[in-house]
2 protein chains.
Amino acid sequence: MPKRPVSEAERRRRRPTRGGAVLSHRLILDTALRMLHEHGSAGLTARRLGTALGADPSALYRYFRGMDDLILAIADDLMGRAADGWQGTGAWRDDLRDLGLRVHAAYLAHPQAAVLTAGRVSGRPHETAADETILGILRTAGFPDPDAVAVYQAFIDQALAFAALDAATLALPAAAREADHAVWGATYARLPARTHPHIAATAGLLVARMNRSAYPTALEMFLDSAEGRLTRARAAAAQVPPGRRP
Amino acid sequence: MPKRPVSEAERRRRRPTRGGAVLSHRLILDTALRMLHEHGSAGLTARRLGTALGADPSALYRYFRGMDDLILAIADDLMGRAADGWQGTGAWRDDLRDLGLRVHAAYLAHPQAAVLTAGRVSGRPHETAADETILGILRTAGFPDPDAVAVYQAFIDQALAFAALDAATLALPAAAREADHAVWGATYARLPARTHPHIAATAGLLVARMNRSAYPTALEMFLDSAEGRLTRARAAAAQVPPGRRP
DNA sequence: ACCTGAACACCGTTCAAGT
DNA sequence: ACCTGAACACCGTTCAAGT
């Protein structure tokens, strides 16, 4: 196990690099995000990041344990961008929808970063803050704790899972993305009705939909079902008045 | 654009490699899946694959355009494994649940491959066959075409998105996976109630749930909502008898 | 204290040459 | 027809040396 890099607060001297930049976690993170946009999700390498910062690549290892540590920091940064400035209205369904769409949008704004961070639990401040917010919305709305936890987990995983899936398409190099799009136009829309009757019958609708994210539909379906659960939980609670609870 | 490698049917001579193996798409695919299991999702490289096959790495380029082409072939293979031997019962809700869980399970059986193929549209035979099956289940159940297409897309994307998300955890090297698990135990369960009251209040439930997939919950919520849609669509259709349709 | 430079052990892909 | 071998342009990370 390599030893922990020096934290931002502990730093004393800030000697500039050969290129004149003064390194910091923030500067490295911002430069990494810029490189991901410019060069794609495979384009973030320690060597290129060093060059972009005007520093030797090995200097990065004083700030991050390695590329994996940097990627977890990027993940938490994306979550921070999603939650930045958010205010709840008190209407749980509207608030959840809004948060889900914000997380999805924050990831899609940095699709190459989203691909890299998909499925990683960072446990860092922005992530825990988002989790606390979502659990608070559900518990305040009246979901009993076991339901709140189950619905919370399905909600955040659905948002992140669709973000990663949709980001994967956007993050492809332009050529590959066009090739994937062309698959729909060329292969699916022209499958013969004899072998693929259902695809053939709905080809127009399929092609129109396939280049749009399914997340808004899936999110609304999720909220429908959550509302049903809440109604049933409230009805069950009304059967057992507060004074008679064990 | 590199030229297309020779297809399996077009091959004439089958000269064995230096290592004695006779190359084929199937052999390369199976060897690639084995390497992914043994060395993780970053462990599939052209050089290692060559060594494992007893061939020079450059020989692979006569079978696949490059690593990306190989990855799309692996994606279609996973979909084939999911659908292999599946039989519908005619009960749309049971059939969809079964297919969703099968796709999820097929991907989780090869998590390192799932990570690599997440979000890629292959347009190849097993993928189109699965799409035809799902659309058929929905249209036969009575979903009007626009609903059938919307629900189909949300269904397949949700299955693949959760598969990729859950696979990302399983595909981590053992050390990183344990570190991610430890994040839950150490960070989340011990956040103070003063700053994170909702996480603190449900910490036991959270830790118990977090190492299990949220897909079964999300899938059941999805099916709840789809059932509501179908009921409403049937009611609307009953309002307009067939003879009066435009 | 912090950054550098060399070193080590790797990559994917191309293309002319061999069999 | 198919595979090989060399070549090219890259990787992440470590560690002793410089400032």
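Just so we're clear, the structure is a prediction, and the values are computed from it rather than from any experiment. Quick note on labels: first sequence line is chain A, next is B, and so on, each numbered from 1.
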Donor-acceptor list for residues 99-115 of chain A side chains, cut-off 3.5 Å, not counting sequence neighbours:
unit_1, atom_1, unit_2, atom_2, d
A:Arg102, NH1, A:Ala82, O, 2.9
A:Arg102, NH1, A:Asp84, O, 3.2
A:His104, NE2, A:Asp166, OD2, 2.7

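Comparing C:dG18, D:dT4, C:dT4 by their closest approach to the side chain of B:Ala59 singles out D:dT4.
The salt bridge (Lys or Arg N to Asp or Glu O under 4.0 Å) analysis of residues 48-58 of chain A, with sequence neighbours excluded, yields no pairs. Counting only residues at least two apart or on different chains, the ring-ring contact (aromatic ring centres under 6.0 Å, His included) pairs with a member in residues 63-83 of chain A are A:His25-A:Tyr63, A:His25-A:Phe64. Residue pairs meeting the side-chain hydrogen bond (donor to acceptor under 3.5 Å, both in side chains) criterion with at least one member in residues 28-43 of chain A, sequence neighbours excluded: A:Arg26-A:Asp30.
Taking atom CG of B:Leu70 as the reference point, atom C1' of C:dT13 lies 14 Å away to the nearest angstrom. One interatomic measurement links the two molecules: CG of B:Leu49 to P of D:dC3, which rounds to 13 Å at whole-angstrom precision.
Less than 4.0 Å separates DNA chain D from no heavy atom of any residue of residues 31-43 of chain A.
By the salt bridge (charged side-chain N to carboxylate O under 4.0 Å, His left out) test, A:Arg97 is found to be paired with A:Asp94, A:Glu220, residues two or more places apart in sequence or in another chain being considered. Annotation: side chain to side chain donor-acceptor pair (under 3.5 Å) contacts of B:His196 (sequence neighbours excluded): none. The side chain to side chain donor-acceptor pair (under 3.5 Å) search around A:Gln153 returns B:Arg209, not counting sequence neighbours. Here B:Arg194 pairs with nothing under the salt bridge (charged side-chain N to carboxylate O under 4.0 Å, His left out) rule; sequence neighbours left out. Looking at residues two or more places apart in sequence or on another chain, you find a side chain to side chain contact (heavy atoms under 4.5 Å, CB included) between A:Ile156 and A:Met79, A:Asp131, A:Ile134, A:Tyr152, A:Leu160.
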request  = Could you run through nucleotides 5-12 of chain C and give me one letter per nucleotide, 5' to 3': B if any protein heavy atom sits under 4.0 Å from the base, S if only the sugar-phosphate is that close, - if neither?
outcome  = B-B---BB

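No donor-acceptor pair under 3.5 Å is formed between the side chain of A:Thr195 and the backbone N or O of A:Leu191.
Among the duplex regions that DNA chain D forms, those built from at least three successive Watson-Crick or G-U pairs under 3.5 Å are C:4-8 with D:12-16, C:12-16 with D:4-8, ordered by first number.
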